[in-house]
Amino acid sequence: MAAVLRLAKLAVFSTACTHLGSALSLDIQDSKDADAKNRPVTKVITLLKDMQKQLQKEADEDEAIYDKMACWCQTNDREKTQAIKDAEVRIDGLTTKIEELTAGSARLNTEIKNLEKEVAENQDSLDKATAIREKQLAEFNAEEKDLLESVSALKAAITVLSKHHSGGFLQVANNRILGVAATLENELSKHAALLQGVLSPSERRAAAAFVQAPADYFDAAPTFKQSYAPQSGEIFGILSQMKDTFEANLASSQKEEQANQKAFEELKAAKIEEIKSGQDQVDSKTLTLADTDEKNAQAKVDTDDTKASLSADEQFLGMLKEKCQMTDKEWEERQKTRQLEMEAVSQALAVLSSDDAHDLFTRTFNPSLLQLASSTAYSDRRAAASQVLADAAKKAHNPHLATLAYQVKLDAFTRVKKAIDDMIAQLLKEKDDEIKHKDFCTDEFHQNQLQTEKKDREEQDLTAKIEDLTMAIEQLAHAIEALKGEIAEMQVQLKRAGEDRELENKDFQTMVADQRETQKLLTSALSFLKDFYAKKTALLQKQEPVGPPPPAGFETYKNNAGSGGVMQLIQQIIADAKAMEAEAIRSEEDAQKAYEDFVKETNASIEAKSKDIVEKSEVKARAEGELVETKEAKEAVILELEQLSNYNAQLHQSCDFVLKNFELRQTARDEEVEALRQAKAILSGAKFEEFLQKA
C-alpha cells in the first residue's frame, strides 16, 4: 500500500509538471505552421497519446480490481482477526469457568461428605443418647417399683403396729407380727445402702432384736425374757422413719427422672434440628452440585466448539493473508511495469512533440524566452499550485479542493495559505472523527453479535422447552382422556352388572317360589295318597245264618297296583325340586358374591384412576402454567432479537459505508492533506522538482 501511495503522489506531481510544461510552450505551439498536422510525426504522436489513454484505462481497471480485493482482504482480515481474538478470549473465559466449576464441584463434594458425616455423627449421638435414656428409664422404673413396693409394705406394717400402739388392749395376731418382722428384715437388707446413716446404732439393735423375737414386743407386761416395757412404739418409729426415707428418696428419684427426661427431650430436639439442618444443606448442596456439574459439562462442550471454530478461522485467515500478500505483490509488479511503460511513452511523446532537436535547442536557449520565463515565474507557481489542488480535487471528488484551486489563481497567497490551513485542520478533524466512528461501529457490531447469539441460544432453549412442555401436556391430556374413558366404561359395566344382577335375582326368586310351590303341591298330593293307602282294611267274618248260603259278595279290596309307583315318583320329584332349590340358592349366593367382588374391585379401580386423573391434572396445570411463562419469555426474547436486529440495521446504515471505505477514505484524505501541504509549500516558494524527488 505504501508503494501505491508513492505512485499516486508521483502521478499527481507528474500531471502538474506536464501542465506547467504545456503552459510554458503554449505560445510556441501556437506559432507553428498549420501544415504540421500533416507531418508523419503527428500520427506517431497521436498513436502515443492513444497508448497513454489505453494504459491509463488499464491502470484504472487494475486499481478498481485491486480496491475490491483490498477491501475484501481488509474486511475479512479484520473480521477474522476479531473473531479469533474473541474466540481466544472466550476460550480463556471458558477455561477459567471450567476451572472454577471444577473447583466448586470438588468443594461441594467435600462439603456434602462432611455434612453427611456430621449428620451421621448427630444421628449416632442421638441413638446413643436414646439408648442411655432408655437404660436410665428402665433403672428408674425398677427403682420406683421397688421403692413403691417397699413404701407399701412399710405402710402395711405401720398399720399393723399402729393398731397395737394406739389401742393398748388390742391384741395383734401373731402371724401379722411375724409379717411385720419379715418386712422389716427384708427392707433393712435390700436397702442397706439407702438406710446407711438414717438409723442410729440403737435403732438398728432394736430392729434386729424385733426381727429375732417379734412376739416379745407386744406383751402387756414384762416376761421372764423381758425386764422392760413393750417397745412396739420404738419399732413403729423405725418403720415410720424408713417409710419417710423411702418416700423422700422416691420423690428425689422422680424429680431426677423428670430432669433427665427434660434434658433428653431438649437434647433430642437439638439433635433432630441439627440433623434436619444438615440434611437440608446436603439436599441444597446436592442440587447445587448437579447444576454445577451440568454447567461444567456445557462449558466443556462450548470450549470444544469454540476451539473448532477458532481452528477454522485461523486456517481461513492464513489462506487470506497468503492470497492478499500475493495480490499485493502482483499489484506492485503490475503498477511498476505499467508505470515504466507509461514513462517510456511519455518520454517518446516528449521527444517527438518538437519538430526537430535543432529548433528545440534554439527555443530553449533563446534569451527572449528566458526573459518571458523570468517574468512569468510568479504566475507559473500559482498555476502549478492550482493545478495540484485541482488534480487532487478531481481524484478525491472534493468540491472544497476544487474551489480552493480556483481561488489560488485569483487570490493572494496569504488568504490561500490560510484557507489551505483551515482545510487541512478540517480534514484532520474529519479523519479523527471517522476513526472514532469506525471504532464505535466495530465495538457495537461485536456487542450486537454477542447479544444476538446469546438471545438466539435462549430462543432455541425456550423453543425446545415449549416443545417438551407441549408434548408433555398432550401426553397428559391423552392419558387423562384415556382414564376418563376407562372410568366411564367401568361405570357402564358396573351399571350393566347391577341390572344383570337384578334380573338374575328376580329369576332366582321366581324359580325358588315355583320350586317351593311345586314341593307344596306335590307334598299335599302325596299326603292324600298316603292317608288313603296307609289304612289297613280288614274283612270281618260274620256268622252266617243257618240256611242256604248267600250269593257271592265283593272280592277283597286291594290297593291299586300303580299306587306305589306314583307315590315314589312324587317323592322323587319333591326331592329333585328341593335339590334344584338348594342348587339355585348356592348359585345365587355365588353370583351375589361375584357381583359384590366385581363392584368392590371396580370401585377401587375407579377411585385409583380418579386419583390418577387428579394428579395428572395437577401436573398438566403446572405444565400449562410453565408453558405460558415460557411462551411469554420466548416472546420477550424474540422482541429483544427484533430490537437487536433493528439496531443492527441502523448500525449498517450508519457504519457500512465507513467500514467498507475506511482505508480508502483515510488514504484519500491523507492524499488531500498532503496535496494541500504541497500546494502551500509551492506557494511559499518551494520548487516543484523537490516534491518529485521526495515522491
Side-chain angles (χ1 to χ4, degrees), residues 478-617:
H478 291 324
I480 290 171
E481 290 299 323
L483 289 171
K484 289 181 178 179
E486 293 174 1
I487 290 174
E489 179 63 24
M490 286 189 290
Q491 289 174 342
V492 171
Q493 294 296 330
L494 194 62
K495 182 179 179 181
R496 290 178 179 174
E499 293 173 351
D500 294 340
R501 181 85 279 276
E502 184 177 357
L503 292 175
E504 290 174 357
N505 183 261
K506 186 176 180 181
D507 293 338
F508 163 75
Q509 296 294 340
T510 301
M511 186 185 71
V512 169
D514 293 341
Q515 293 295 332
R516 288 178 179 175
E517 185 66 22
T518 300
Q519 295 174 33
K520 181 179 179 182
L521 293 175
L522 291 173
T523 301
S524 178
L526 182 63
S527 176
F528 284 119
L529 293 175
K530 282 185 176 180
D531 290 342
F532 177 80
Y533 288 110
K535 292 180 179 180
K536 295 182 178 180
T537 59
L539 180 62
L540 296 177
Q541 298 293 329
K542 293 183 179 181
Q543 206 61 35
E544 294 292 333
V546 177
F554 293 103
E555 294 179 356
T556 302
Y557 191 86
K558 296 181 180 179
N559 292 337
N560 191 293
S563 62
V566 170
M567 287 189 293
Q568 289 180 359
L569 181 59
I570 291 174
Q571 289 176 349
Q572 182 62 41
I573 294 172
I574 292 173
D576 292 341
K578 289 182 178 179
M580 291 177 64
E581 179 184 355
E583 180 64 25
I585 292 173
R586 286 195 298 271
S587 298
E588 173 64 16
E589 290 175 350
D590 293 340
Q592 182 64 28
K593 185 176 183 303
Y595 170 74
E596 291 174 355
D597 293 340
F598 173 76
V599 171
K600 182 178 179 181
E601 292 174 359
T602 303
N603 288 331
S605 180
I606 290 174
E607 182 179 359
K609 292 182 184 298
S610 299
K611 184 178 179 181
D612 196 9
I613 288 175
V614 172
E615 293 176 352
K616 282 183 168 58
S617 298

Knowing that exactly one of K495, R496, M490 qualifies, which makes a side chain to side chain contact (heavy atoms under 4.5 Å, CB included) with V492?
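Checked K495, R496, M490 against V492; only one passes side chain to side chain contact (heavy atoms under 4.5 Å, CB included): R496.
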Partner residues of [X] under the side chain to side chain donor-acceptor pair (under 3.5 Å) criterion, sequence neighbours left out:
X	value
E581	R516, Q519
E607	none
D500	none
E499	none

Which atom pairs, donor and acceptor, lie under 3.5 Å between side-chain atoms of residues 594-606 and protein residues at least two apart or in another chain?
unit_1	atom_1	unit_2	atom_2	d
E596	OE2	Q592	NE2	3.2
D597	OD2	K593	NZ	3.2
T602	OG1	F598	O	2.6
N603	ND2	V599	O	3.1

Taking only residues two or more places apart in sequence, or in another chain, which ones meet [X] in a salt bridge (Lys or Arg N to Asp or Glu O under 4.0 Å)?
X	value
E486	K609
R586	E583
E502	none
D507	none

Let me confirm one number: the CE-CD1 distance from M580 to I573, rounded to the nearest 0.5 Å.
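CD1 of I573 is found 11.5 Å from CE of M580.
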Look up atom CD in Q571 and atom OG1 in T523, then write down how far apart they are to the nearest 0.5 Å.
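These two atoms lie 9.5 Å from each other.
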Residues two or more places apart in sequence or in another chain: which of them pass side chain to side chain contact (heavy atoms under 4.5 Å, CB included) with [X]?
X	answer
Q509	N505
Q572	D576
K484	I480, E481, I613

